[in-house]
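Here the structure is laid out as structure tokens; the discussion comes afterwards.
For this chain, numbers begin at 1 and follow the sequence in order. In each ligand, atom 1 is the first atom listed, and ligand 1 is the first ligand listed. None of these values were measured; they are calculated from a predicted model.
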Amino acid sequence: MSPLRSTDHVVVVGAGLAGWRFSEALRQQGFDGLITLIGDEHHPPYDRPPLSKNVLLGKWDVGHTLLATDELVASNEVKLRLGRSATALDVETTTVTLDNGDIVRGTYVVVATGTRARRLSFSAESAIHTIRTRDDLERLSETLAGLAPHSVIAIIGGGFIGAEAATALHTRGFEPLVLEVAERPLLGVLGADVSAWLESLAKDAGVELRSSQHIVDVSARDGGFVISFANGEELFAAAVIEGAGAVVNTEWLASSTLSIDNGVVVSRDLMAADRVGAIGDVAHFQWEGPTGVEPVRIEHWQVAVDHAAHLAHYLMTGASPAAPLIPYFWSDQYGKKIQVLGHPRPSDEVTMVHGSINDAKWVALYSRGGAVTGIVALSQPRALMLSKVLLDTPTNLDHALTLAPWAN
Ligand SMILES: Cc1cc2nc3c(=O)[nH]c(=O)nc-3n(C[C@H](O)[C@H](O)[C@H](O)COP(=O)(O)OP(=O)(O)OC[C@H]3O[C@@H](n4cnc5c(N)ncnc54)[C@H](O)[C@@H]3O)c2cc1C
């Protein structure tokens with residue numbers, strides 16, 4: 001790959017975290033050609049994690065999440081085209097078509113279109129809230145402003161977003177009721193052991209969580225909502241929020257020649273074609289993990305940031321960055337901080353190595369075939385970061401237990 005030149009025009013589609021950080025990284029690495037950043041939201045790039053935390057708590061105005069201030073947009077010389085969806089990509093000519101018929105022709109295109117909230121098809125769908133965008137939060141804030149204290153707010157889904165929403169709403173004096181379809185929240189993400197260790201967090205925080213909840217419909221009634229379950233039971237809530245995961249935004253690429261399979265399939269250097277890359281939540285990439293190269297798509301803030309730096313480096317130098325990507329994720333829920341390093345599978349073996357469940361402070365190692373694949377910590381940020389060394393280079397579980405970096 002020949003490095004980018006001043007005459008190049010890089011068109012970035014998706015004005016979220018990955019698209020913005022990539023544009024910044026290109027400038028930091030010396031690119032002085034044109035950058036156009038296209039986004040379908042009307043807002044300049046902003047950060048999503050605070051939406052379900054400080055914004056929903058009412059501590060931050062939603063504008064506080066802004067990443068691309070006017071000054072940064074100007075100093076980075078990024079041409080923003082907001083409120084416009086890309087509807088097609090011609091890979092050969094690196095040409096993007098917009099929903100108003102405009103054509104934006106670059107010499108390189110970077111796909112950073114992320115994911116959107118998964119919708120469950122219920123009768124009252126249009127009145128059910130999601131927590132994905134600034135506009136979602138503005139709409140939810142309006143609803144909350146009209147509710148009496150202690151109103152029951154049903155949260156469908158006990159995953160990360162659902163738990164964070166419940167935490168914030170409980171703090172604000174509402175009565176969140178978390179309805180989880182699985183036997184336990186996070187069972188399919190963190191596996192049987194760790195999800196069991198986390199099970200009591202909601203209860204300890206005074207939040208009601210019901211597992212194995214099979215909802216068949218949510219309908220509007222008497223100014224609120226009736227939630228109907230498969231067993232015939234019904235429940236009334238003043239408002240309903242869905243936290244049912246995310247769907248990858250690749251429909252606009254259907255007519256392109258890119259390989260689409262649970263995201264845009266890219267190489268180790270995040271390239272989907274000769275002059276097309278993909279980064280962030282939308283990228284299905286080749287990750288060099290502790291047990292070998294595996295195709296993954298990861299919806300983590302830090303992965304989007306690392307992808308942005310990686311692809312900018314690759315396009316500017318033609319070389320891969322030296323540092324390996326170690327996925328990192330955090331979630332603030334029920335008054336605790338869950339942190340995950342690596343990309344463990346729910347079926348991996350789990351060994352608690354530090355702290356105890358009773359204290360709700362611990363560190364656990366995930367391993368597969370004897371190799372450490374991930375580290376999960378509950379409210380032990382220092383011990384977690386000290387343990388990162390176990391993922392910097394592949395480490396055998398027995399050796400990790402001897403090293404015990406978490407205890408330093
Ligand atoms: C409420 C919330 C809380 C979170 N909390 C955490 C957390 O605590 N820790 C953590 O690690 N991660 C967290 N995340 C995940 C993290 O925010 C994402 O991994 C990150 O935003 C991914 O960035 P991205 O740029 O790839 O995608 P996005 O942020 O989704 O940005 C993609 C952008 O592209 C736009 N777009 C889509 N299609 C088109 C199109 N055809 N044309 C033009 N534009 C388009 C989208 O509207 C969007 O603006 C959270 C996410 C949410 C929603």
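For Tyr108 and His9, the ring centers are positioned 6.0 Å apart or more.
Any N or O atom pair closer than 3.5 Å counts here, and Val13 shares no such pair with ligand 1. In terms of N/O distances under 3.5 Å, ligand 1 is approached by Ala18. Checked against a 3.5 angstrom limit, the closest N/O atoms of Asp281 and ligand 1 fall inside it. Considering both main-chain and side-chain atoms, Ile279 never comes within under 3.5 Å of ligand 1 through any nitrogen or oxygen pair.
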Might you work through the side chain to side chain donor-acceptor pair (under 3.5 Å) test for Asp269 and His310, ending with a clear yes or no?
CA-CA 7 Å; Asp269 286 310; His310 182 137; 2.8 Å; yes
Can Phe285 and His307 be said to form a ring-ring contact (aromatic ring centres under 6.0 Å, His included), step by step?
CA-CA 10 Å; Phe285 63 102; His307 273 180; 4.4 Å; yes
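For ligand 1, the atoms closer than 4.0 angstrom to any heavy atom of Ala112 are 32 (C), 33 (C), 34 (O). Residue Lys53 approaches ligand 1 through these ligand atoms, each under 4.0 Å from one of its heavy atoms: 5 (N), 6 (C), 7 (C), 8 (O). Near Ser52, meaning under 4.0 Å from any of its heavy atoms, are these atoms of ligand 1: 1 (C), 2 (C), 3 (C).
Proximity of Ile161 to ligand 1 is established by a heavy-atom distance of less than 4.0 Å. Residue Arg84 places a heavy atom under 4.0 Å from ligand 1. For His307, the heavy-atom gap to ligand 1 stays at 4.0 angstrom or more.
When side chains are defined from C-beta on, Val109 counts as touching Leu89, because their heavy atoms get closer than 4.5 Å.
More than 12 heavy atoms of other residues, nucleotides or ligands lie within 6.0 Å of CZ in Arg139, so this atom counts as buried by the packing criterion.
The proximity of Glu41 to ligand 1, defined as any non-hydrogen pair under 4.0 Å, is limited to the side chain.
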